[in-house]
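To keep things clear, I will list the structure first and then write my remarks on it.
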Amino acid sequence: MKVKLWRCVFTASMSAAMLLGLAACGGSDDAESSDGIKTFTMFTAMPGTEINDDNEIMNIIAEKTGAKLKETWLTGQTDAEAIGTIIAGGEYPDFINGGDAMMSLYDAGVLVPWDDYLEKYPNLKELYTDEEWDSFRQDDGKIYWANVFQNTYGENRSTTHNDQAFWIQARVLEWAGYPEIKTLDQYFDLLESYADANPTMANGTKNIPYTALCEDWRYFCIENAPQFLDGYPNDGSVIVDTDTMQVVDYNTTPTAKRYFQKLNEEYQKGYVDVEFATQTYDEYIAKLSTGAVLGMCDQWWNFAYNVNDVFKQQGLDEQGCNYVPLGLTIDEGMENRWHNYADTLNNSSGVAVTTSCSDIDAAFKFMNDLLDQEIHDLRYWGVEGEDYLVDENGLYYRTEEMRMQCADPAYQASHMCNYSYMPQWLGTSRDGKNAMQPDQQASEFLDSLSTPLQKLFDAYGVDSYVDLIGSVEEEPGPWFPMYSYSGSMTTETPGGVAWVKMGEVKHEWLPKVVMAPDFESAWNEYMTAYNAANPQDFLAEMQTELERRAGL
Amino acid sequence: MKNPVKRITWREIAHQKFLMVCAAFFVIYGIVFYYVPLAGWVMAFQNYKPKDGLFGSQFVGWEKFKFLFSDEVFLRVIRNTLAMGVLNLVATFLMAIIFAILLNEVRNVFGKKIVQTVSYLPHFLSWIIVTGILHDALSSTGIINELLVKFGIMDKPINFFANPSYFWPIVAFANVWKETGWNAIVYLAAITSIDPNLYEAATLDGAGRWGKIWHVTLPSLKPTIMILLIMNIGNVLNAGFEVQYLLGNGLVKSVSETIDIYTLTWGISQNDYSLGTAAGIFKSVVAIILIFGANWIAKRSGENRLF
């Protein structure tokens, strides 16, 4: 009996010890390998592709800087869910880019302030002016993150329209003889007549005249067009009426109603993809990649990088499947502000270092090193001689094979290493000649255009997508963009609660009103549900912030 | 008359000390992993902030519960959870019993084994795969729509996931497809333990196949059915998270969201742990009420019961 008793105790304590041991194994793994190269971890609350562990450029950068980065990405969750789960779990990577959920990380008190390191690392400091850095300060007066996008060094080189637009395939415009398309009605008229005349593509795939993505946070594709159609820039969550300095809710304007009514008509006539409301982002990208979708409303960065690579690989670019942006408005003769010429500083999101990082100084040094021109060229241009060549004037260029290679996902995973959610520059390289990133190099951009795009650019007499969309060139007010405020709202305030609920109502009702057999009654029901979410609470808080930002 | 209740004496405890020590580990395990975490329920009465912790957060009383029950969405979410829970329970429960009885009637042992194995395999698939299959099968270019169009039942494909009224049946169907075979195992085991003499006697009394099922198999299964029913009723509010989360979309939000999804959106995504906890407490309380209710009814009707 004695023996048995002790055996029982022993086994039980062994299993307890094993459980504890397992729990402890989940700990941090900041590793410094034998060759002295540190490996940092990073989580980005955006879907992305993991690069191979033996990625060539990652190793070159590691040799030069003494550190490399293991990036992981969002899969199958929203950014807020992923960050919420990480906070609840209490284990953090060294670097984190939390998308719209940065405030939660700040509230959890796990971010390291940048202030001391900014003085030490000039490349980081250089990213923003003092004024801009100040806008990142939280209520305790410190800076905890820096946005990595839309930041121009030297002269602006933008060739693409890296914003939202109604996009249309080059083949549609070519077929119609390159007409001027200015309004929403003209746009759909053209899509209709093209689809009637050409029901299928060359390979027999049925053309889909129009689709709209409604999934999760990407439902902006269907949601925010009314602000642009009225000629306003992308403030994202409200319109700012510059005459009266009032915020206006673009969800309830007459333009919004006309826009959704138009979509409803097109849906009833069968020109809108029947699956638009239920497709996931992956299905959407797969659909666009077949080249069958004639048009949609979207942000360039939301589809172009994936889809254009596939078009190039499949030869669909030569069939005129590439998308070009149209600067549509609701009525004729209005100005449009789809394109934003200046940098947009979204101070509610960015990259941060967490308190779990074992060597915080090295982490900041690594970000600083990534902004060195040599490393920056490696990240975006690749290896000289392999990925790009230099002509006698010092200009970088790529051959057709190099471009094809760069569009190959397998090559991207084994060779290219963008570290795309780490600090980076757009604009002109420190050598004063080249662009920081290849798609901004004018010569490279024009050479890489497919034949149908070149013909289209000639026909409209433009040099870039930016010229094509023809937005008004003006500096936005100091309040721009208002979405950086709504993005940082929490459910602490009535406005924050209203903002969440408005989002839920719109998620459900926008596709519903588009599909409704009786638009008027569906729209009225939508408006009742929308008003029940108390949008006025949200608007009041936005108005206060607008006045604060505008210094009124 | 002797007292039928056996008293527990210290002597007896000393006598069984080996068992007592072994049991103690499970009691400790239960306390540590089931009861200590309940202290977190305090969060529901606070405005919990991870930075301030359980002890530093502001106490707000019933505030969070008031928010919950004045939120129209939460009331709708309760309705969805109950509806899908009951639908799933009824569908999977009936199907499992019917399937077990039918399978038991198969005389060909080889065929029976094959069918049984094939039928419970879906249980081992994860929901992400099952929902993937459903999504493909029911898409506008999927097999279901192709068949419907080909046989002229429909003139054009329909988008099953765009219509809220199809959502609950789809979820129930998915549950039935996945769990019928697995749930039937318990009943099949119970059927094998039925005394063959009963069947013989029934045959002598002139009962056919249906008669034997009705008068022998089903009454013998009744205790198993009751116990499983009570246990499953406690689970009604666990109508699911993955299925609805993975199959849902904006259009069917009003019928697809369950309490678990609500807890996730507010608790984790909006970082309002307090509200999430409050919703969780509500769910637990309802589950306890349901399971006691079912047990009480079983007791009243003189059936087997759980406790």
Side-chain angles (χ1 to χ4, degrees), chain A residues 1-2 4-5 8-9 11-13 15-16 76-88 90 101 103-110 214-216 219 222 270 273-280 283 490-492 496-497 500-501 504-512 514-515 529 532-533, chain B residues 17-26 28-29 32-33 47 49-53 67 71-73 128 135-136 138-142 145 156-164 245-257 261-262 264-276:
Chain A
M1 195 69 183
K2 266 265 148 57
K4 266 191 191 160
L5 176 67
C8 177
V9 174
T11 346
S13 46
S15 15
Q77 287 175 304
T78 67
D79 51 357
E81 278 165 17
I83 296 301
T85 314
I86 289 178
I87 294 173
M103 270 321 266
S104 318
L105 287 164
Y106 169 68
D107 280 341
V110 295
C214 305
E215 195 203 30
D216 192 29
Y219 85 126
I222 190 170
D273 175 17
V274 286
E275 276 176 345
F276 84 94
T278 52
Q279 65 193 342
T280 63
E283 288 167 346
T490 66
T491 52
E492 289 289 281
V497 173
V500 176
K501 293 196 163 183
E504 295 202 331
V505 171
K506 287 193 279 179
H507 260 294
E508 179 176 351
W509 277 96
L510 296 183
K512 228 180 212 173
V514 173
M515 295 168 72
Chain B
K17 64 177 182 294
F18 170 72
L19 292 175
M20 285 292 164
V21 171
C22 284
F25 284 109
F26 290 97
I28 292 168
Y29 172 86
V32 171
F33 290 103
N47 197 356
K49 292 269 153 257
K51 198 164 40 176
D52 304 329
F67 179 93
D71 185 2
E72 210 185 303
V73 178
I128 187 99
H135 225 265
D136 281 349
L138 292 174
S139 80
S140 68
T141 51
N145 269 315
K156 63 174 195 196
I158 46 170
N159 188 349
F160 288 98
F161 292 106
N163 190 335
Y245 184 75
L246 295 167
L247 283 182
N249 59 61
L251 267 183
V252 294
K253 225 182 168 78
S254 60
V255 294
S256 72
E257 279 190 324
I261 294 177
Y262 185 89
L264 180 80
T265 24
W266 286 90
I268 299 287
S269 305
Q270 298 304 326
N271 243 349
D272 195 337
Y273 292 96
S274 303
L275 196 66

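Just so we're on the same page: letters track the sequence lines, and every chain starts at 1. The figures here come from the full heavy-atom set of this structure, side chains too, leaving out hydrogens, waters and symmetry mates.
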Original post:
Which atoms form the tightest heavy-atom contact between A:Val274 and B:Asn159, and what is the distance?
Top reply: O-ND2, 3.1 Å
Original post:
For B:Leu251 and A:Ala277, which heavy atoms make the closest approach, and how far apart are they?
Top reply: CD1-CB, 3.4 Å
**OP:** Can you see which heavy atom on B:Ile268 is nearest to which on A:Glu81, and at what distance?
**Re:** CG2-O, 3.4 Å
Original post:
Highest number of heavy-atom pairs under 4.5 Å with chain B: which of A:Glu275, A:Met103, A:Glu215?
Top reply: A:Glu275
Subject >> Nearest atoms (heavy-atom pairs only) where A:Lys501 meets B:Trp266 >> reply: CE-CZ2, 4.4 Å
Subject >> Chi angles and distances behind the side-chain contact (heavy atoms from CB on, under 4.5 Å) call for B:Tyr273, A:Ile87 >> reply: CA-CA 11 Å; B:Tyr273 292 96; A:Ile87 294 173; 3.4 Å; yes
**OP:** Using a strict 4.0 Å threshold on nitrogen-to-oxygen distance, state whether A:Glu492 and B:Lys49 make a salt bridge.
**Re:** yes
**OP:** Locate the shortest heavy-atom distance separating A:Ala80 from B:Ser269; write the atom from each residue and the value.
**Re:** CB-O, 3.4 Å
Original post:
How many angstroms lie between CD in A:Glu283 and CG in B:Asp136, if you round to the nearest 0.5 Å?
Top reply: 7.5 Å
**OP:** With rounding to the nearest 0.5 Å, note down the distance linking CG in B:Asp272 to OG1 in A:Thr490.
**Re:** 9.0 Å
**OP:** Calculate, to the nearest 0.5 Å, the distance between atoms CZ and CD belonging to B:Phe161 and A:Gln279 respectively.
**Re:** 14.0 Å
**OP:** Let me know if B:Asp52 has heavy atoms under 4.5 Å from chain A in its side chain, its backbone, both or neither.
**Re:** neither
Original post:
A:Leu510, A:Val500, A:Thr78: which one forms the most heavy-atom pairs within less than 4.5 Å of chain B?
Top reply: A:Val500
Subject >> When A:Lys506, A:Glu504, A:Gln77 are compared by non-hydrogen pairs under 4.5 Å with chain B, the top option >> reply: A:Glu504
Original post:
Nearest 0.5 Å, what's the CD-CD distance between A:Glu508 and B:Glu257?
Top reply: 8.5 Å
**OP:** Check whether A:Ala88 gets within reach of chain B through its side chain, its backbone, both or neither, counting any heavy atom under 4.5 Å.
**Re:** both
Original post:
Where on B:Val252 is there a heavy atom nearer than 4.5 Å to chain A: the side chain, the backbone, both, or neither?
Top reply: neither
Subject >> Euclidean distance, A:Met515 CE relative to B:Asn163 CG, rounded to 0.5 Å >> reply: 8.0 Å
